[in-house]
> 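What follows is a structure written as structure tokens; I'll ask about it next.
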Amino acid sequence: QVHLVESGGGLVQPGGSLRLSCAASGTIFSFSINSMGWYRQAPGKERELVAKITWGGSTNYADSVKGRFAISRDSAKNTVDLQMNSLEPEDTAVYYCNANLRASLYGVGDYWGQGTQVTVSS
């Protein structure tokens with residue numbers, strides 16, 4: 001498996017900011033990344049796309065976060081960051097890192113991080 005290590009979640013007040021980071025690594029086989037992104041799931045709701053970025057640089061954002069969140073990648077380090085500004089209580093969810101990649105042994109597939117909690121509350 002490819003390991004996705006997430007960091008940056010926490011508790012913030014409305015209007016605050018957080019920066020989520022995700023690093024993809026493989027120890028026994030090589031891989032090349034097609035895209036990485038962040039999804040979130042609030043209690044009782046379906047998992048939804050927040051933002052994703054291809055390794056060619058194209059991005060896609062949920063309408064609810066456009067203008068507030070920005071996703072970026074470092075192709076040399078196989079990492080993605082999600083800068084989250086002007087956070088709202090509605091942003092409260094578990095955020096999951098996703099990677100779509102081609103592994104040398106298995107071909108193209110999706111991998112997921114364990115999730116990190118983001119809570120926006122006063």
> What distance do Leu101 atom CG and Met36 atom CE have between them, rounded to the nearest 0.5 Å?
8.5 Å
> Please collect all disulfide bond (SG atoms under 2.5 Å apart) contacts where either partner lies in residues 44-81, sequence neighbours excluded, each pair once.
none
> Should we say atom CZ of Arg19 is surrounded by more than 12 heavy atoms from elsewhere, each under 6.0 Å from it?
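Atom CZ in Arg19 is packed in, count exceeds 12.
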> Nearest heavy-atom pair of Ser86 and Ser17: which atoms, and what distance?
N-OG, 4.3 Å
> To the nearest 0.5 Å, tell me how far Ile53 CD1 sits from Ile33 CD1.
11.0 Å
> Linking I/L/V/M/F/W/Y whenever any side-chain heavy atoms sit under 4.5 Å apart, do Tyr39 and Val65 land together?
no
> Give a yes or no answer on whether the side chain of Tyr61 reaches the backbone of Ile71 with a donor-acceptor pair at less than 3.5 Å.
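Yes: the side chain of Tyr61 pairs with the backbone of Ile71.
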> Would you compute the distance between atom CD of Glu48 and atom CD of Gln41 and round it to the nearest 0.5 angstrom?
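Rounded to the nearest 0.5 Å, the CD-CD separation comes out at 9.5 Å.
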> Gln83 and Asn85: side-chain donor and acceptor closer than 3.5 Å?
yes
> Hey, quick one: are Leu18 and Leu82 part of the same hydrophobic cluster, counting side-chain heavy atoms closer than 4.5 Å, chains of contacts allowed?
yes
> Considering only heavy atoms from C-beta outward, does the side chain of Arg40 approach that of Asp91 to under 4.5 Å?
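They are in side-chain contact.
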> With the side chain counted from C-beta on, respond yes when Met84 and Trp38 share a heavy-atom pair under 4.5 Å apart, and no when they do not.
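They are not in side-chain contact.
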> What distance separates Lys77 NZ from Ser25 OG, expressed to the nearest 0.5 Å?
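So the gap between those two atoms works out to 14.0 Å.
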> Distance from Arg73 atom CZ to Cys22 atom SG, nearest 0.5 Å?
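Nearest 0.5 Å value for the CZ-SG distance: 15.0 Å.
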> How long is the straight-line distance from CZ of Phe31 back to OG of Ser104, given to the nearest 0.5 Å?
10.0 Å
> Taking it one step at a time, do Phe69 and Leu87 satisfy side chain to side chain contact (heavy atoms under 4.5 Å, CB included)?
CA-CA 9 Å; Phe69 293 6; Leu87 284 162; 3.7 Å; yes
> Donor-acceptor pairs are to be reported for all side-chain atoms of residues 115-122 against protein atoms at under 3.5 Å, with residues two or more places apart or in another chain.
residue, atom, partner, partner atom, Å
Gln117, NE2, Ala93, O, 3.4
Gln117, NE2, Thr119, OG1, 3.2

> Are Val2 and Val80 in one and the same hydrophobic cluster, where Ile, Leu, Val, Met, Phe, Trp and Tyr link if side-chain heavy atoms are under 4.5 Å apart?
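In one cluster with Val2: Val80, yes.
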> Closest heavy-atom contact between Ala24 and Leu4?
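Closest approach of Ala24 to Leu4: CB-CD2, 3.5 Å.
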> Stepwise, does the side chain to side chain contact (heavy atoms under 4.5 Å, CB included) test hold for Trp55 with Asn78?
CA-CA 10 Å; Trp55 249 229; Asn78 292 332; 4.3 Å; yes
> Show the nearest heavy-atom pair for residues Glu6 and Tyr95, with the distance to one decimal.
OE2-O, 3.9 Å
> Please evaluate residues Asn98 and Lys52 with respect to the criterion side chain to side chain contact (heavy atoms under 4.5 Å, CB included), reporting the C-alpha separation (whole Å), side-chain torsions for both, the decisive distance (0.1 Å), and the verdict.
CA-CA 9 Å; Asn98 167 266; Lys52 67 178 180 181; over 6 Å; no
> Starting from Val94, can I reach Tyr111 by hopping between I/L/V/M/F/W/Y residues whose side chains sit under 4.5 Å apart?
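In one cluster: no.
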